[in-house]
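Data first, discussion second: the structure below is written as structure tokens.
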Protein chains: 2
Amino acid sequence: MQRKATALDVAKRAGVSRSAVSLVLNGRGDGNVAKESQDRIRQAAADLNYSPNAIALSLRNQRSRVIGIVSDEVVVSPFDGNIIGGADDVARAHGFVTVVMDTELDASRDESAVETLLDRQVDGLMYVTVGLKPLDVPHGMLRVPSVLANCYDNSPTPQLHHVIPDEVSGGREATGHLLQLGHREVAFLAGAATSPAVPLRVEGHRMALAEASIPVREDRIIMAGWDIDDGFHGAMKMLDGVSPAERPTAIACANDRLAVGVALAAARLGLSVPRDLSIMGYDDEFRIAATMVPALTTMALPLRDMGAAAMSMLLEQIENPGSSTVEGHPGLETMVPCRLVVRESTGPVPSR
Amino acid sequence: MQRKATALDVAKRAGVSRSAVSLVLNGRGDGNVAKESQDRIRQAAADLNYSPNAIALSLRNQRSRVIGIVSDEVVVSPFDGNIIGGADDVARAHGFVTVVMDTELDASRDESAVETLLDRQVDGLMYVTVGLKPLDVPHGMLRVPSVLANCYDNSPTPQLHHVIPDEVSGGREATGHLLQLGHREVAFLAGAATSPAVPLRVEGHRMALAEASIPVREDRIIMAGWDIDDGFHGAMKMLDGVSPAERPTAIACANDRLAVGVALAAARLGLSVPRDLSIMGYDDEFRIAATMVPALTTMALPLRDMGAAAMSMLLEQIENPGSSTVEGHPGLETMVPCRLVVRESTGPVPSR
DNA sequence: TTGAAAGCGATACCAT
DNA sequence: ATGGTATCGCTTTCAA
């Protein structure tokens, strides 16, 4: 646990001044420092296993090459961690590191997390949520370049850019896939009504139906919730004791867990998937959708892309302040398309 | 985006020196600074919304009150995030903040993540993994107080303390629960053979059987994998086309996803759970176990407790260096017990 | 009771 | 080509 070597240690060992060490190690040795001194300095640095103290650097440079990521519950929840993964990829490619703080859904911790990060000189801030949602932007985020991922500025005059999935298209293409397979009786098992994603996905569903000139049956759009049991009970309501002619031939779900519940209900009722019933998920949740039996056809949320897009915008603002393309366009929105993933839970409409 | 107020700004506004500001704001004003000056200083600080620059503080004090958490994939994966949640709770209660860096399973990033954190003067380090596993401890972790959560030092001479779940007892009590319900034909669907948790849980399973004087049928202990389809296929192998007399009456799974697969298989075979078959999960995975239909009886992994225990040990080392209870006991192990959660997927053994 | 000055580690400017 | 020095923001010691 001995102290780390400092630039002064390197200088002493090489028999030069601190300034020389600084110049050489930062690539501006040529033309300023004698060749042999340069070699001695580099050797000494290697010998001492020297790396500059990032704290001192931050203080001196007034920037840290650190991006702070605040999340509502991305770390502790099982969802959406790939937004952070995608963001981190981009940050590292640009020589930045990310540090994450999770507030575990306690909004009162938002401001303090942001202040903590700000006090540590982060060069930029990103707020990431689990699931699309409006956000009361912590004040501190306006003091440095900042961006929102999977959430959007809830104020009347949005200041921050945000990156969100294109939920309307997602819903539309999900139902579109079912329609293309010949289904006409398509139900939609939506999530909890409190989520802003739900009306968007439902809107997409309605659009797809309208485009195919299929009248919407309101009793086939059910606000179920987000979990396995919600899917199970929603499906039982639509399938159990209902004559085959009256049953939907396909059920589109607002997430993969609902789809698991629907599959469970179908199995219990002796319905084969996809022969008797097609099931669509949403999210392409890791180690759920692909490993279900049968594997779920689903609408993949572009999590990594969203994280990457958000981080790119943020770094653009940081590295080209003023000249940025986003400059002067507060509250701009980037929508990232969802991606249809066809697996085995959907198939042609059963013949009657 | 204007500059933040510094102690000098406060001093000017209050008409005193920086030292006075420092003393007063750190609670050592009494006996050193005049009462009125103190009031003026506090007022000025409030007016300017002053908070000390954490970077400068770290540089000056050589400590940061930051704990760095490195994880293999806790952030991006859906698992084990609560270890970090539990650790963060304890850290915050002690006035520390945690920052998380995820290496996304790229072991070559371990060292650099640790170095990055070290360069930023973290006061301590914690490594957290998804699932129990041996770890090649990054060298840098030996330079500051450090602790391991859900993983253990893989070297012949372990240096670091670690906190892990008591998997043997977990496996034993899971099977014990089934035995208590009268089951004698109990199968164990284990995870991937590569996980160190698997032999431990299997060992527990064998212990429970032995204690009940039930001979172990090796064909009823299956290394299946960790996912839904693994559970499904494992269950089909044991149940499909097998006469009721030859079937296990209960299946203990090494995680909840396997249990989902088993439930799917049971439903497809027309078996009612728990009437015809009892199913146990393991992990108590958030929004899987409790929301399954039927809700899963499972062995809850004590994630938050593990995080809290690990952080407590770490802070103990940091705050009481030398006098610590763990001092001089390198490689000490803390085992946290798993907790049986009885829900609806297990029931009395069916009468034959 | 107060303020001046040193030092934490690094960089950049400016003499030499 | 080289080294001395100010600076970033803060705390602490010491002298007045």
Side-chain angles (χ1 to χ4, degrees), chain A residues 2-42 44-45 48-66 115-116 118-123, chain B residues 2-42 44-45 48-66 115-116 118-123:
Chain A
Q2 83 296 5
R3 233 181 76 275
K4 252 190 59 176
T6 75
L8 184 56
D9 297 325
V10 177
K12 276 193 193 137
R13 189 178 174 93
V16 297
S17 77
R18 299 217 293 281
S19 338
V21 173
S22 172
L23 284 173
V24 172
L25 264 28
N26 287 306
R28 266 167 308 133
D30 288 348
N32 289 315
V33 179
K35 265 272 175 282
E36 308 120 37
S37 303
Q38 295 200 31
D39 291 340
R40 278 208 316 283
I41 288 170
R42 265 186 271 272
L48 297 172
N49 195 14
Y50 169 79
S51 75
N53 179 313
I55 293 278
L57 263 176
S58 299
L59 183 59
R60 169 71 231 218
N61 296 340
Q62 304 288 14
R63 51 186 188 63
S64 59
R65 299 198 81 77
V66 173
E115 290 304 326
T116 297
L118 247 21
D119 282 342
R120 310 205 73 79
Q121 302 271 31
V122 291
D123 294 341
Chain B
Q2 82 296 0
R3 232 182 75 277
K4 251 190 57 175
T6 74
L8 184 57
D9 298 325
V10 176
K12 276 194 192 138
R13 191 181 174 95
V16 297
S17 78
R18 301 219 289 284
S19 345
V21 173
S22 173
L23 285 174
V24 172
L25 265 28
N26 287 308
R28 265 168 310 133
D30 288 347
N32 289 314
V33 180
K35 266 269 173 281
E36 307 121 37
S37 303
Q38 294 199 33
D39 291 341
R40 280 208 316 283
I41 289 170
R42 265 186 271 270
L48 296 173
N49 195 16
Y50 169 79
S51 74
N53 180 313
I55 292 281
L57 262 177
S58 299
L59 184 58
R60 168 69 232 221
N61 297 338
Q62 302 288 22
R63 50 184 189 66
S64 59
R65 299 199 81 75
V66 173
E115 290 303 326
T116 298
L118 247 19
D119 282 344
R120 310 204 73 77
Q121 303 269 33
V122 292
D123 294 341

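Keep in mind that the numbers below use all heavy atoms, side chains included, and drop hydrogens, waters and symmetry copies. Below, chains carry the letters A, B, ... as their sequence lines are ordered, and counting in each starts from 1.
- Rounded to whole angstrom, the span from the CG atom of A:L48 across to the P atom of C:dG9 amounts to 14 Å.
- A donor and an acceptor atom never sit less than 3.5 Å apart when one is taken from the side chain of A:S22 and the other from the base of C:dA12.
- Side chain of A:Q121 to main chain of A:L59: no donor-acceptor pair is present (N/O by atom type, distance under 3.5 Å, no hydrogens or angles).
- Without hydrogens or angle criteria, B:N53 side chain to B:I55 main chain gives a donor-acceptor distance under 3.5 Å.
- C:dG7 atom P lies 12 Å from atom CG of A:L8, rounded to whole Å.
- Taking atom CZ of residue A:R18 and atom C1' of nucleotide D:dT7, one finds them 12 Å apart after rounding to whole Å.
- For A:N26 and C:dT11, the shortest distance from a side-chain N or O to OP1 or OP2 is below 4.0 Å.
- Put simply, A:Q38 has no side-chain N or O that comes within less than 4.0 Å of OP1 or OP2 on D:dA1.
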>> Assess the residue pair B:R120 and A:S58 against the criterion (side-chain hydrogen bond (donor to acceptor under 3.5 Å, both in side chains)); give the C-alpha distance rounded to whole Å, side-chain angles, the decisive distance to 0.1 Å, and a yes or no.
In response: CA-CA 9 Å; B:R120 310 204 73 77; A:S58 299; 2.9 Å; yes

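- Residue contacts for B:N32: at a heavy-atom cut-off of 4.0 Å it reaches a base atom on one of the strands shown.
- Under 4.0 angstrom from either OP1 or OP2 of C:dT11 there lies no side-chain N or O belonging to A:Q62.
- With distances taken from any side-chain atom of A:S19 to the nucleotides C:dC13, C:dG9, C:dT11, the minimum falls on C:dC13.
- B:V16 comes within 4.0 angstrom of sugar-phosphate atoms only, judged by non-hydrogen atoms across all strands, and of no base.
- Heavy atoms of B:A20 sit nowhere under 4.0 angstrom from any nucleic acid atom.
- For B:R28 and D:dT12, the shortest distance from a side-chain N or O to OP1 or OP2 is below 4.0 Å.
- Under 4.0 angstrom from either OP1 or OP2 of D:dC8 there lies no side-chain N or O belonging to A:S58.
- In this structure, A:N61 places its CG atom 14 Å from C1' of D:dG9, rounding to the nearest Å.
- The distance between atom CG of A:L59 and atom P of C:dT11, rounded to the nearest whole Å, is 12 Å.
- Here C:dT11 presents its C1' atom at 11 Å from CZ of A:R63, a figure rounded to the nearest Å.
- Using modelled atom types, one side-chain atom of A:D9 and one backbone atom of A:T6 make a donor-acceptor pair closer than 3.5 Å.
- Residue A:L25 comes nearest to A:A45 through the heavy atom pair CD2-CB, 4.3 Å, listed as atom of the first residue, atom of the second, then distance.
- Atom CD1 of B:I55 and atom P of D:dC8 are 16 Å apart (whole Å).
- Taking atom CD1 of B:I41 as the reference point, atom C1' of C:dT2 lies 10 Å away to the nearest angstrom.
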